[in-house]
Structures are given as structure tokens and as C-alpha cells.
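The figures here come from the full heavy-atom set of this structure, side chains too, leaving out hydrogens, waters and symmetry mates.
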Amino acid sequence: MNRNTHSARANDHRTTDVLVVGAGPTGLMLGCLLRHHDIACTVIDRRDTIDPRTRAVMVHAAGLEILDTLGLRTTVEDAGVRRTRIDFHTRHHALFTVDFTTLDTAFPYYVNVPQPEVEAVLADHFTATGGRLLRGLRYTGHQEDEHGVTAEAVTDDGPHTLTARHLVGADGASSTVRTALGIDFPGITYPMSYLLAEGAPTRPADPDASAMYIGPAGAVSLLPLPHGAVRIAGPVSPEALDRDSELSTRHFRDTVDALGFGPALRFERVDRIAHYQVHERLAERFTSGRTVLAGDAAHLNSPAGGQAMNTGFGDAWALAWRLAALDAGSPAPLLADYDRERRAAAAEVARTTGVLQLLDAMRHATTETARDSVQRSLTGYAEAWSQLYLRYHPAPTPAATPASGTAPAPAPGTAPLALPARTGHRLHPGARVPGHRPEPGHHTCLHLPDATPDPAHLPPHTRTAELTPTQRAWLPTGTTAVLVRPDGHVARTLPTDPHTTAGATAETEKEAA
């Protein structure tokens with residue numbers, strides 16, 4: 001048991017602001033971010049210890065930025081290996097590359113780090129900052145009213161009751177919270193089995209890249225891990241294996257050898273072997289009253305691009321400041337905004353991880369022209385998989401009512417989400433500002449240092465913009481300041497026209513309060 005983890009039996013504190021069910025990476029990240037906002041939080045989990053199996057591996061730039069905000073990035077990086085490329089190899093010796101070094105961030109790379117290591121770092125930080133982590137406590141249901149949520153759980157010594165203002169289900173693909181809410185989880189299950197093995201390779205891995213090896217009837221990824229180990233995994237079986245059937249080392253070796261890459265995909269020693277099914281699913285809604293879904297409880301997607309843990313981090317990042325604002329008395333529509341934004345984000349992740357057609361194009365790219373076309377099609381994948389450039393588009397403005405003749409103003413920053421066009425990233429409202437670190441709980445106005453508006457027209461919480469030259473180039477012409485939400489997304493840009501700026505400032509002060 002983690003030294004800072006409390007047993008459920010020792011728990012004398014049954015009331016908290018936010019109760020999180022599930023101590024995986026999403027639940028623990030949310031707990032850490034809530035403590036960053038000074039919100040009381042309890043995380044419960046049915047397991048007595050961290051699951052030691054390596055599941056998710058990759059932490060991308062957006063996740064690294066969140067970890068850096070918490071002061072945890074270096075610790076996580078020290079537990080993993082840094083990589084700057086993903087290379088795609090084919091049987092006809094074509095090489096295609098997704099390069100992360102051009103990302104406009106302080107961390108233009110990704111880190112391969114086993115999920116249990118990430119969970120351990122987050123758990124230690126959560127409890128060290130005053131969070132309460134209760135293991136061996138299984139959620140069984142809850143009720144809620146206008147005052148809060150009453151959750152029921154059980155341990156070996158009987159039932160327990162916990163109360164909170166809000167409940168978050170971050171309890172994985174088989175979420176009991178989602179089931180209790182009666183929320184459907186539609187989607188598909190891929191027809192093939194994914195095989196996985198970890199251990200010591202016969203050849204050292206590339207020091208800069210992870211790789212995908214594409215054969216005639218399958219493909220596997222090779223992910224370098226700490227201490228010289230690698231993971232080889234992918235859809236190499238033509239049909240699904242029975243869930244309970246055993247997979248032998250020899251079966252794995254023979255199946256992977258059929259791809260035709262020989263020693264490049266062989267192990268000197270196998271430490272773990274498994275097979276699993278891949279699902280692509282999206283919950284019909286992420287919120288219900290005071291209860292919210294996050295992480296795998298809300299969405300599942302292909303492992304391509306290493307998106308699962310990172311999308312859960314994005315959920316936590318988007319949710320923490322909203323729960324902090326709700327605790328301070330802000331309006332409940334913030335949770336509806338979370339639902340709209342993060343459902344669209346998960347749908348976009350599913351789109352960018354559906355790479356079966358792309359892999360098939362690589363298999364058949366036998367001419368220089370075809371290879372150039374495939375490489376061009378990879379433009380934007382580093383940006384998409386890094387999750388740095390997500391954009392929340394403004395929500396549709398309600399139609400004017402006959403009585404008033406005017407339409408109500410949309411809530412700041414609300415919207416469905418989509419990636420910007422591959423040709424550029426305009427910092428219009430909704431766009432994310434990579435690398436920006438707002439103050440907890442506040443919108444921040446970033447004043448551009450070379451702009452000269454009347455100071456009286458700038459709102460509170462204004463400071464000189466911390467934008468890179470590339471980000472400055474993304475701004476609309478005439479921008480003097482950018483109002484940034486606590487999650488780093490632009491709420492609005494302020495123009496140079498003092499009359500327009502003054503009008504925007506009046507609303508901005510309300511948003512920043």
C-alpha cells in the first residue's frame with residue numbers, strides 16, 4: 001500500500017467537496033488538480049494497491065504541460081524514456097515518420113512511461129497536498145439532491161456512506177458509476193485480437209523513436225520502455241481470440257514473425273504476454289446532475305497514437321477548474337459545457353486514432369509518388385496526437401425571443417471541440433494556448449507587450465502575454481490582449497479599437513471574477 005494511502009477502515013472523514021471513484025491516472029490527475037485549486041477531494045478505489053500491469057504508456061506534450069503545472073513533469077520523465085518520432089516501416093522498405101520536434105511547446109516530444117509509474121507519482125502528490133485516497137472501497141451506488149451527493153460503498157468490514165458536493169466516475173471502461181446513471185456506452189469492438197508482449201529485445205530500440213511495423217496482414221507497434229525493455233503490440237491476429245484462451249510465447253513469436261521483419265521484432269526475454277480486445281465507445285452524455293464521467297468511463301478508443309491516458313488527463317484539466325468554480329457558487333451550466341466540449345474532444349481523438357486505412361495506404365505505397373502522398377497525409381498527426389491544439393468552438397447563440405428581440409449572450413468559452421485546420425492555428429476564442437499556465441480558478445488577461453491600449457480598458461488579472469512568436473502570429477489582426485480560461489483556452493481576444501475594447505472589458509471583468 002502507498003505510504004500515504006489510507007485504508008477505508010481508518011476513514012473518519014465522510015464529507016468532501018468532490019468524491020472521485022477510480023484511482024487510475026484520470027481520477028488521480030483530477031484529484032491533484034482539484035487540490036491545486038484548493039478544493040477538498042477524496043478518491044476511492046476498489047483495489048488495495050496500484051495495478052502493476054503496464055497498460056497505457058505514452059504521455060504527450062499536453063499531458064506534460066499539465067504535469068509541469070503541478071511540478072511533476074521531471075519526476076514522470078525520470079521514470080520513462082523520451083522520444084521525438086514515431087516511424088512507420090513497411091515490408092517494401094518504405095519509411096514514414098510523424099515528427100514531434102516542431103510542436104510549439106516547451107516539451108516537443110512524448111514520454112514512454114508505464115502507467116503504474118504515473119499513478120504512483122500522482123498518488124503521492126495527491127496525498128501530500130491534502131487529498132484523501134481510500135483503497136479497498138468499492139462504490140455501489142449513489143443518490144443526489146440539490147445539496148449534494150450521497151454515495152454508498154462497501155469494504156470487507158461492511159457498508160460505508162460518503163457525501164460530497166459532486167461525484168466523478170473515473171472508474172474505467174466497466175464503470176459502475178456510468179451503469180448506475182443508466183448512461184449508454186455505444187460503439188464498436190474491433191474484430192481482431194490485439195497481441196501484446198513486453199521484455200528485452202534482441203536488438204536495442206531506436207534512441208529517438210517508437211515504431212510501427214506494417215506487414216501484409218497486420219501491424220505491431222514497438223514502444224521502448226525504461227531499462228532497455230520494449231513493448232510489442234498490435235492487431236496481428238486475423239480473428240478474435242477467446243477472452244479466456246491462453247496465448248503462448250511461441251504463438252506470439254510465430255504470429256509476429258509472419259509480418260516479415262525478423263529480428264527487429266524478436267525478444268531475448270519475454271516478461272509479460274497477453275491479448276486483448278480494442279473498443280471504440282463514447283458515452284451518450286458525460287454529466288447527470290451533480291455527477292460527471294471522465295477518462296475510460298466516458299470514452300474508449302484505439303491505442304494508436306497513445307491517446308487514452310492523455311485524453312483522461314484532458315478531461316481532468318477541463319473539469320477541475322469548473323468544479324472549483326462551482327464550489328465558489330458559479331452557475332451549473334459549466335458542467336453542461338464540460339459535457340459538450342469533452343464529448344467532442346473524445347470523438348476527435350477517435351477520428352485521429354482510426355488509422356487502419358492509413359496503414360493500408362502505407363502497405364500499398366510502392367512508388368515514390370504514393371509514398372510522398374502518404375507522408376503528406378501524416379501532416380498534423382503530431383499536433384493531433386499531442387492534444388496541444390484542441391479548440392472549443394463558440395456554442396450556437398440561441399435565437400432571439402419575440403418578447404426581447406435579442407439573443408442571450410453565450411457562456412464564455414462554451415462549445416463543441418474540434419482540431420483547428422491543419423494549415424494553421426488561429427488564436428480565436430476556443431483555441432488552446434500551448435504552454436500557458438493560468439492562475440488557479442481565474443481567467444487571465446494576457447496583454448501583448450507591443451500593443452498600446454488605454455490601461456483603463458484592460459480588465460483585472462492582466463499580465464504581459466507569455467506567447468511564443470508562433471502563437472503571436474496566430475492572433476487575429478489588431479489584437480491587444482487575450483483572455484484565457486483557467487484551462488488555457490482562449491475565452492476571447494480584445495481588439496485595438498478602444499470603444500470595442502471597453503465593451504468587451506465590461507463582460508471580461510464578469511468572466512474573470
Side-chain angles (χ1 to χ4, degrees), residues 1-2 4-48 70 119 122-155 157-172 175-178 180-181 286-295 297 312 315-330 332 334-335 338 440-441 486:
M1 181 177 290
N2 182 286
N4 290 320
T5 300
H6 302 275
S7 71
R9 300 175 183 83
N11 177 29
D12 294 325
H13 304 281
R14 302 299 185 187
T15 302
T16 188
D17 288 330
V18 180
L19 174 63
V20 179
V21 180
T26 300
L28 290 170
M29 175 63 84
L30 178 59
C32 290
L33 290 169
L34 287 170
R35 293 304 303 138
H36 187 64
H37 287 280
D38 200 28
I39 300 299
C41 178
T42 296
V43 178
I44 65 173
D45 196 275
R46 61 184 179 81
R47 292 184 62 91
D48 291 322
L70 295 171
E119 291 182 15
L122 292 173
D124 279 349
H125 183 78
F126 176 59
T127 54
T129 55
R132 192 164 184 84
L133 175 58
L134 304 178
R135 294 194 179 275
L137 193 61
R138 180 169 59 86
Y139 161 92
T140 57
H142 72 275
Q143 297 179 333
E144 64 175 80
D145 56 28
E146 67 274 17
H147 303 296
V149 177
T150 301
E152 302 297 330
V154 296
T155 64
D157 61 353
H160 294 259
T161 301
L162 303 96
T163 60
R165 293 177 185 269
H166 299 280
L167 174 70
V168 179
D171 50 339
S175 170
T176 51
V177 175
R178 187 187 64 241
L181 294 172
F286 285 11
T287 61
S288 177
R290 292 176 171 268
T291 304
V292 187
L293 300 178
D315 291 346
W317 185 243
L319 184 57
W321 72 272
R322 287 179 163 91
L323 291 174
L326 287 167
D327 189 65
S330 291
L334 282 173
L335 290 186
Y338 165 83

inquiry  = Nearest 0.5 angstrom please: Asp145 CG to Arg290 CZ, how far?
reply    = 7.5 Å
query = So among Val43, Val168, Leu122, which one has a side chain to side chain contact (heavy atoms under 4.5 Å, CB included) with Leu30?
reply = Val168
note = Exactly one candidate in Leu181, Val292, Leu162, Val149 meets side chain to side chain contact (heavy atoms under 4.5 Å, CB included) with Leu167; the answer is Val149
inquiry  = Give me the atom names and distance for the closest heavy-atom approach of Leu293 to Val177.
reply    = CD2-CG1, 4.1 Å
ask   = Looking only at atom types and distance, does a side-chain atom of Asp315 sit under 3.5 Å from a main-chain N or O of Gly295, one as donor and one as acceptor?
value = yes
task = Decide yes or no for Leu134 and Thr42: does some side-chain heavy atom of the first lie under 4.5 Å from some side-chain heavy atom of the second?
result = yes
task = List the steps, then state whether side-chain contact (heavy atoms from CB on, under 4.5 Å) holds for Tyr139 with Val154.
result = CA-CA 7 Å; Tyr139 161 92; Val154 296; over 6 Å; no
Carboxylate-amine/guanidinium contact Asp17 Arg165, below 4.0 Å = yes
task = Heavy atoms only: give me the nearest Ala297-Gly169 pair and the separation to one decimal.
result = CB-O, 3.5 Å
inquiry  = Return the OG1 to OH distance between Thr287 and Tyr338, rounded to the nearest 0.5 Å.
reply    = 9.0 Å
Those residues that, when tested against Thr291, pass side-chain hydrogen bond (donor to acceptor under 3.5 Å, both in side chains) (two or more places apart) = His142, Glu144
task = Quick one: pull up NE2 in His36 and NE2 in His125 and give me the separation to the nearest 0.5 Å.
result = 8.0 Å
message = Apply side-chain contact (heavy atoms from CB on, under 4.5 Å) to residues Thr127 and Arg132 and explain how you reach the verdict.
response = CA-CA 6 Å; Thr127 54; Arg132 192 164 184 84; over 6 Å; no
Euclidean distance, Leu323 CG relative to Trp321 CH2, rounded to 0.5 Å = 10.5 Å
Minimum heavy-atom distance between Val20 and Ala170, given as atom pair plus value = CG1-CB, 4.2 Å
task = Test Thr161 against Glu152 for side chain to side chain donor-acceptor pair (under 3.5 Å), laying out the working first.
result = CA-CA 5 Å; Thr161 301; Glu152 302 297 330; 3.0 Å; yes
task = Mind listing the closest non-hydrogen atom pair of Met29 and Ala316 along with its distance?
result = CG-CB, 3.8 Å
remark   = Distance col, row His166:NE2 vs Leu319:CG, nearest 0.5 angstrom, shows 9.5 Å
Min side-chain heavy-atom separation Leu133-Leu28 under 4.5 Å = yes
query = Which atoms form the tightest heavy-atom contact between Cys41 and Leu34, and what is the distance?
reply = SG-CD1, 3.8 Å
message = Let me confirm one number: the CD1-OG1 distance from Ile39 to Thr16, rounded to the nearest 0.5 Å.
response = 9.5 Å
key: Nearest heavy-atom neighbours spanning Thr26 and Ala294   = CG2-CB, 3.8 Å
query = When you check the side-chain N and O atoms of Thr163 and Thr150, is any donor under 3.5 Å from an acceptor?
reply = no
